[in-house]
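Every value quoted in this text rests on a predicted model; they were computed, and no experiment measured them.
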Amino acid sequence: MVKYKMGKEEYIIKTKDLNLWYGDKHALIDVNLNMKPNKVTALIGPSGCGKSTLIRCFNRMNDVIPECKIKGQVYYHEKDIYEQGVDAVEIRKKIGMVFQKPNPFPKSIYENIAYGPRVQGINNKKKLDEIVEKSLRNAALRDEVKDRLNDSAMGLSGGQQQRLCIARALAIEPDVILMDEPCSSLDPIATAKIEDLIGELKKKYTVIIVTHNMQQAARVSDYTSYMYLGKMIEYGQTKQIFENPKEELTEKYITGRFG
Amino acid sequence: MVEKFHRELDQLRIEVIKMGELAEDMLQRSVEALKKQDNAMAEWVLSKKCKIADMDQDIETKTLQMLTLYQPMAIDLREIGCIFKMITYLARIGRYAKDIAKISIEISDRPHFKKLISIPHMSEIVCGMIDDALISFKEKDISRFKDFSDRDNDVDELRYSIFRECLTYMIEDPKVITQGTHYIMIARYLERCADHACKIAEKIYYMVKGEHIDIDPSTQKCNVN
């Protein structure tokens with residue numbers, strides 16, 4: 001098992017000349033990106049620009065895709081996660097992920113959250129209760145479900161299901177939470193709740209979010225990266241990117257003149 | 001939706017320029033009316049008071065609607081922000097023109113106690129600044145702002161010189177106090193209009209470059225490159 005030194009590094013995740021191919025398709029080209037801890041970083045760009053591919057590199061989710069080839073480095077706490085001998089499962093424990101569509105397990109609300117810790121070997125009921133309680137609270141879902149923890153998670157609304165998925169990710173105490181368009185299938189009220197939650201989450205975690213909604217990126221993130229055709233075009237503070245981008249391509253994209 | 005937004009923005013830009021041209025026209029004619037003691041011209045200025053107020057309100061409403069409906073970003077956001085501020089300054093210039101026209105009618109029953117030279121000169125400089133600001137806005141070109149600080153300085157000095165001159169006349173002959181006080185007020189209005197032109201220039205600079213500058217000569221020189 002690889003140990004990660006949880007020091008006070010300036011950057012929690014760094015990529016160095018990261019390139020990725022799906023067969024012949026060069027999907028990521030020389031991506032260099034440094035992400036600060038306890039900040040929200042948004043990845044924006046037109047469809048097919050490589051945002052989701054990049055975010056999936058951070059917890060090695062691309063490993064399961066055949067013909068996917070990666071060159072370059074992704075550092076997590078200064079340790080290259082693509083080095084030989086690094087266990088992808090260990091990485092995914094520390095770098096959790098929430099997907100576009102809420103995907104709760106067809107189990108009870110309680111079991112959805114307790115599942116991860118159980119796999120990790122925690123079987124003590126009291127300890128599991130504590131984890132479920134804490135995770136639900138941190139995902140701003142506790143008050144809505146506290147009286148029906150044994151009900152099926154499938155009976156929750158889309159927004160609640162998505163927060164349950166966030167709670168499920170938090171249950172294994174990650175360091176970083178990756179969100180791949182977490183609000184794209186939610187209504188405006190559920191979206192607002194998730195956005196508020198992201199603001200809370202960054203106090204304890206580092207959040208990296210892929211979104212097509214630029215206003216959402218502007219609202220929730222501290223840093224924004226604009227990607228186009230697999231390249232990182234511009235990366236900077238969100239205020240600067242949306243108010244006064246330096247690159248013409250970024251400006252054209254965020255003003256809707258392109259993309 | 002994006003094309004619709006840009007079409008609406010193009011239209012809004014035309015309306016702002018029209019409003020600016022009206023404000024400039026009102027100011028120029030109000031001073032012309034004063035100089036020539038032409039009450040008909042002063043009345044024309046007064047008749048435009050509601051027109052410029054309506055334009056201000058109309059553009060403000062459209063700006064807010066566009067912000068709500070399209071949530072623009074970057075240069076588009078800066079342009080909308082610039083328009084939102086610009087129209088307030090233009091409306092104020094229009095109001096000063098109206099005040100000058102009112103004074104012009106009020107003191108038209110007696111001839112000027114001296115030939116008016118400095119006030120029309122001030123008006124010329126201020127109208128030139130407004131004109132340049134409007135062209136810069138239209139063309140997104142900030143090169144015209146290079147000497148705005150100097151021009152604003154000239155206007156300030158002219159106001160002070162009018163103040164001193166009027167004071168001298170009023171000390172010599174109390175009968176000209178009413179007229180003299182009005183001239184001093186008009187000089188003050190024109191000086192404020194120059195300040196508004198500078199503020200408009202600052203907003204346009206921000207719209208084009210995304211950086212804030214201060215043209216006011218009392219704080220620092222305009223750092224337009």
Side-chain angles (χ1 to χ4, degrees), chain A residues 40-47 49 51 181 183-184 186-189 191-192 194-195 198 209-228 232-259, chain B residues 1-14 16 62-86 136-143 145 199-215 222-225:
Chain A
V40 179
T41 302
L43 303 179
I44 60 165
S47 297
C49 72
K51 310 178 292 286
E181 295 184 51
C183 302
S184 60
L186 304 181
D187 69 16
I189 294 167
T191 299
I194 299 281
E195 287 184 10
I198 291 171
I209 177 170
V210 166
T211 177
H212 269 126
N213 182 334
M214 281 179 288
Q215 281 73 28
Q216 180 174 65
R219 281 194 298 268
V220 303
S221 69
D222 302 297
Y223 293 88
T224 297
S225 165
Y226 169 61
M227 295 185 67
Y228 181 58
M232 204 197 66
I233 306 295
E234 191 169 353
Y235 175 58
Q237 291 201 348
T238 298
K239 187 178 180 309
Q240 178 255 313
I241 298 280
F242 287 110
E243 216 178 286
N244 192 17
K246 299 280 173 273
E247 300 295 328
E248 204 186 335
L249 270 177
T250 317
E251 175 139 313
K252 280 188 173 166
Y253 177 69
I254 63 174
T255 56
R257 287 175 171 86
F258 151 101
Chain B
M1 192 168 92
V2 173
E3 269 179 34
K4 188 166 175 272
F5 167 74
H6 288 124
R7 270 203 310 275
E8 284 181 28
L9 187 57
D10 289 344
Q11 185 55 39
L12 197 65
R13 204 176 291 130
I14 293 168
V16 173
K62 285 181 181 159
T63 310
L64 288 172
Q65 269 173 0
M66 287 176 79
L67 279 174
T68 315
L69 297 178
Y70 303 107
Q71 300 171 321
M73 295 279 190
I75 176 75
D76 296 338
L77 177 65
R78 299 202 302 270
E79 183 161 0
I80 296 272
C82 174
I83 289 172
F84 199 72
K85 297 287 281 186
M86 250 178 104
S136 307
F137 172 70
K138 192 174 166 187
E139 295 175 357
K140 292 191 167 64
D141 169 20
I142 49 159
S143 62
F145 300 151
K199 282 288 164 203
I200 292 172
E202 286 173 7
K203 298 302 160 200
I204 295 167
Y205 189 95
Y206 176 70
M207 172 184 91
V208 177
K209 303 280 279 185
E211 294 161 20
H212 291 286
I213 56 156
D214 199 344
I215 292 177
C222 169
N223 53 353
V224 182
N225 297 316

Tell me, do D76(B) and R257(A) make a side-chain contact under 4.5 Å, heavy atoms counted? yes
Residues, nucleotides or ligands: over 12 heavy atoms within 6.0 Å of Q237(A) CD: no
For chain B, which of E251(A), Q215(A), M214(A) has the most heavy-atom pairs under 4.5 Å? Q215(A)
Heavy-atom closest pair (A74(B) atom, I254(A) atom, distance to 0.1 Å) is CB-CD1, 3.6 Å
More than 12 foreign heavy atoms under 6.0 Å from CD of E139(B): is that the case here? yes
About how many Å separate CE of M73(B) and CD1 of I241(A), when rounded to the nearest 0.5 Å? 11.0 Å
Surrounding NZ of K246(A) (heavy atoms of other residues, nucleotides or ligands, distance under 6.0 Å), is the total greater than 12? yes
Check against side-chain contact (heavy atoms from CB on, under 4.5 Å), E243(A) and Y206(B): CA-CA 11 Å; E243(A) 216 178 286; Y206(B) 176 70; 2.4 Å; yes
Within the supplied structure, the quantity of interest is the number of heavy atoms (other residues, nucleotides, ligands) at a distance under 6.0 Å from K239(A) NZ; does it exceed 12? no
